[in-house]
Visitor: 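Below you'll find the structure I mean.
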Amino acid sequence: MKESALDSDLLSALDRSEIEVLFQPQFSGSTGAVVGAEALSRWKHPTLGEIGARDLFAIAERAALVAPLSRHVVARALENAAAWPEELSLSLNITPEELGNPRFAADFAELIGRSEIAPSRLMLEITEDLLLRNLKQASEALGALRSLGFRTALDDFGAGFCNFRYLRELPLDAIKLDKIMVEGVPGDPKALAVFRAIIALARALELDVYAEGIESEIQRVAIISEGCEYWQGFLRAQPMKSEQVLALARTARGRGHG
């Protein structure tokens, strides 16, 4: 399919309910219990099959549909998470276009106000490439939302430039380490040394640490032993539907047993 046709097809896809929201469960390092989930989007295209979030938002950017797509994903995620118990949090990815809008903080707070989710249960995730565009605007928007009770996280840390200026200047509650930051841990001495340094830095800044892309039990045990509070990855769960998150959280395994 040509790019132009795919771009125009996206607008119709929003109306045809082809954009699906799945959730990647997140686990406590200390207890092993499900503590929340990250909302992820997928396009169930009728002829091309499943299109993942990264490609989906690239298409949306070409078609100037990032804002409508993001609102759709957030609304669907909030609707699903309203049925979750209060101890489960919801992580939402914020796009560059949204954070660059001076009205974003006020509009987002209004959207959440119409939902059944308390701001304290929401983690707003931003990425480094977003921040390079307008650090001052990003800081102001995140500060405004944080003052209303939202939590904030720097996502995919380590995948880009690892600009430590962000950790100093942005109002953050957590960092999420990209999969590349846990590759080689614990077997590679250099990888382990870097991981330990990041954990120590986060602890000094009073930031929670989430590790992404955990795929082996050795990795999981290693990051927890080094002080990583939370993790997510295919080791225990792939992206799933909301009802599956609930089912997992209710099992003994989802409560941290077994």
Side-chain angles (χ1 to χ4, degrees), residues 21 23-24 26 35-41 53 57 60-61 64-82 84 86-157 159-178 201-210 212 229-230:
V21 178
F23 300 89
Q24 177 73 58
Q26 299 166 328
V35 294
E38 177 185 356
L40 303 170
S41 55
F57 273 90
E61 188 169 4
L65 291 172
V66 169
L69 173 61
S70 183
R71 285 196 298 268
H72 173 84
V73 172
V74 169
R76 289 285 303 275
L78 290 171
E79 181 182 350
N80 279 275
W84 298 358
E86 291 188 0
E87 62 267 22
L88 295 187
S89 63
L90 172 65
S91 292
L92 299 169
N93 292 284
I94 304 302
T95 66
E97 287 76 6
E98 290 174 303
L99 205 57
N101 183 344
R103 284 202 48 82
F104 169 68
D107 291 344
F108 191 84
E110 182 181 352
L111 173 64
I112 301 303
R114 296 196 298 267
S115 77
E116 299 179 26
I117 304 292
S120 59
R121 292 178 58 197
L122 295 175
M123 177 80 83
L124 309 183
E125 300 185 7
I126 55 174
T127 55
E128 285 186 306
D129 63 332
L130 180 159
L131 296 169
L132 290 172
R133 305 185 186 193
N134 193 332
L135 181 59
K136 183 175 183 294
Q137 172 64 34
S139 180
E140 291 175 352
L142 291 178
L145 289 167
R146 202 161 174 252
S147 69
L148 297 174
F150 297 91
R151 301 179 70 232
T152 58
L154 183 59
D155 193 17
D156 295 336
F157 190 78
F161 296 106
C162 283
N163 193 326
F164 294 102
R165 178 187 174 193
Y166 298 154
L167 301 182
R168 185 183 68 191
E169 298 189 13
L170 290 172
L172 297 170
D173 296 287
I175 57 173
K176 295 190 69 177
L177 303 183
D178 187 78
L201 176 61
R203 186 175 292 122
L205 295 173
E206 298 182 337
L207 298 174
D208 291 336
V209 180
Y210 289 72
E212 300 179 294
E229 293 97 340
Y230 307 100

Visitor: Are the charged groups of Glu86 and Arg121 less than 4.0 angstrom apart, N to O?
Guide: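 No salt bridge links Glu86 with Arg121.
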Visitor: On a heavy-atom basis, which atom in Glu212 and which in Asp178 lie closest, and how many Å separate them?
Guide: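 Closest heavy-atom pair between Glu212 and Asp178: OE1-CA, 3.8 Å.
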Visitor: With Ser70, which residues qualify under side chain to side chain contact (heavy atoms under 4.5 Å, CB included), at least two apart?
Guide: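 Result, side chain to side chain contact (heavy atoms under 4.5 Å, CB included) vs Ser70: Phe57, Val74, Thr95, Glu98.
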Visitor: Got a second to check how far Leu170's CG is from Glu140's CD, nearest 0.5 Å?
Guide: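 Atom-to-atom, Leu170:CG and Glu140:CD are 11.5 Å apart.
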Visitor: Grab the two heavy atoms, one from Gln137 and one from Pro102, that are nearest each other, plus how far apart they are.
Guide: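 The pair with the smallest heavy-atom distance is NE2-CA, 3.7 Å.
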Visitor: List in chain and number order the residues that pass salt bridge (Lys or Arg N to Asp or Glu O under 4.0 Å) with Glu87, two or more places apart in sequence or in another chain; answer none if no residue qualifies.
Guide: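 Expected list: none.
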Visitor: Could you pull out the closest heavy-atom pair between Tyr166 and Leu172, with the gap in Å?
Guide: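 Minimum heavy-atom contact is O-CD1, 4.1 Å.
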Visitor: As an exercise, state the distance from CH2 of Trp84 to CD1 of Ile117, rounded to the nearest 0.5 Å.
Guide: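 Taking CH2 in Trp84 and CD1 in Ile117, the distance rounds to 8.0 Å.
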Visitor: Which pair of non-hydrogen atoms, one from Arg146 and one from Pro171, has the smallest distance, and what is that distance?
Guide: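 Closest approach of Arg146 to Pro171, heavy atoms only: CD-O, 3.4 Å.
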Visitor: Begin from the C-alpha positions of Asp155 and Ile126 and carry the test side chain to side chain contact (heavy atoms under 4.5 Å, CB included) through to its verdict.
Guide: CA-CA 5 Å; Asp155 193 17; Ile126 55 174; over 6 Å; no
Visitor: Check the pair Ser91 / Glu125 against side chain to side chain contact (heavy atoms under 4.5 Å, CB included), numbers first and verdict last.
Guide: CA-CA 7 Å; Ser91 292; Glu125 300 185 7; 3.1 Å; yes
Visitor: Using the test salt bridge (Lys or Arg N to Asp or Glu O under 4.0 Å), find all partners of Arg151 that sit at least two apart in sequence or belong to another chain.
Guide: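 Residues passing salt bridge (Lys or Arg N to Asp or Glu O under 4.0 Å) with Arg151: Asp208.
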Visitor: Is there a side-chain contact between Phe150 and Asp173 in this structure, where contact means two heavy atoms from C-beta onward sitting under 4.5 Å apart?
Guide: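 No; the side chains remain at least 4.5 Å from each other.
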Visitor: Please name all residues satisfying side chain to side chain contact (heavy atoms under 4.5 Å, CB included) with Ser120, sequence neighbours left out, ordered by chain then number.
Guide: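 Result, side chain to side chain contact (heavy atoms under 4.5 Å, CB included) vs Ser120: Ala118.
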Visitor: How would you list, by chain and number, every residue that makes a side chain to side chain donor-acceptor pair (under 3.5 Å) with Asn93, sequence neighbours excluded?
Guide: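 With neighbours one apart ignored, the set is Glu38.
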Visitor: Going through the distances and angles, do Phe164 and Leu201 end up as a side chain to side chain contact (heavy atoms under 4.5 Å, CB included)?
Guide: CA-CA 10 Å; Phe164 294 102; Leu201 176 61; 3.4 Å; yes
Visitor: To the nearest 0.5 Å, tell me how far Leu69 CG sits from Glu61 CD.
Guide: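 So the CG of Leu69 and the CD of Glu61 are separated by 11.5 Å.
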Visitor: Does the side chain of Arg76 come within less than 4.5 Å of Arg71's, by heavy atoms?
Guide: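 No, every pair of side-chain atoms sits at 4.5 Å or beyond.
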Visitor: Rounded at 0.5 Å granularity, tell me how far CD1 in Ile175 sits from CG in Leu205.
Guide: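 It comes to 8.5 Å.
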Visitor: Please list, chain by chain and in numerical order, all residues satisfying side chain to side chain donor-acceptor pair (under 3.5 Å) with Asp107, sequence neighbours excluded.
Guide: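 Testing Asp107 for side chain to side chain donor-acceptor pair (under 3.5 Å), a comparison that skips the adjacent residues, returns Arg103.
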Visitor: Roughly how far apart are Leu122 CG and Phe108 CZ, rounded to 0.5 Å?
Guide: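 Those atoms lie 6.0 Å apart.
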Visitor: Is the side chain of Ser147 donor-acceptor paired with the backbone N or O of Ala144 at a distance under 3.5 Å, no angle test?
Guide: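 The answer is yes, because a donor-acceptor pair under 3.5 Å joins these two groups.
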Visitor: To the nearest 0.5 angstrom, please state how far the OG1 atom of Thr127 sits from the CG atom of Asp156.
Guide: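 Rounded to the nearest 0.5 Å, the OG1-CG separation comes out at 6.5 Å.
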Visitor: If you look at every heavy atom in Ala37 and Phe23, which pair is closest and at what distance?
Guide: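 Result for this residue pair: CB-CB, 3.8 Å.
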Visitor: Which is it for Leu78 and Arg114 under the side chain to side chain contact (heavy atoms under 4.5 Å, CB included) test, yes or no, and what are the steps along the way?
Guide: CA-CA 10 Å; Leu78 290 171; Arg114 296 196 298 267; over 6 Å; no
Visitor: Of all heavy-atom pairs between Leu207 and Ala174, which one has the smallest distance, and what is that distance?
Guide: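 Shortest heavy-atom contact: CD2-N, 3.9 Å.
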Visitor: Can you say whether the rings of Tyr230 and Tyr210 are parallel (under 30°), tilted (30 to 60°) or perpendicular (over 60°)?
Guide: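 Correct class here is parallel.
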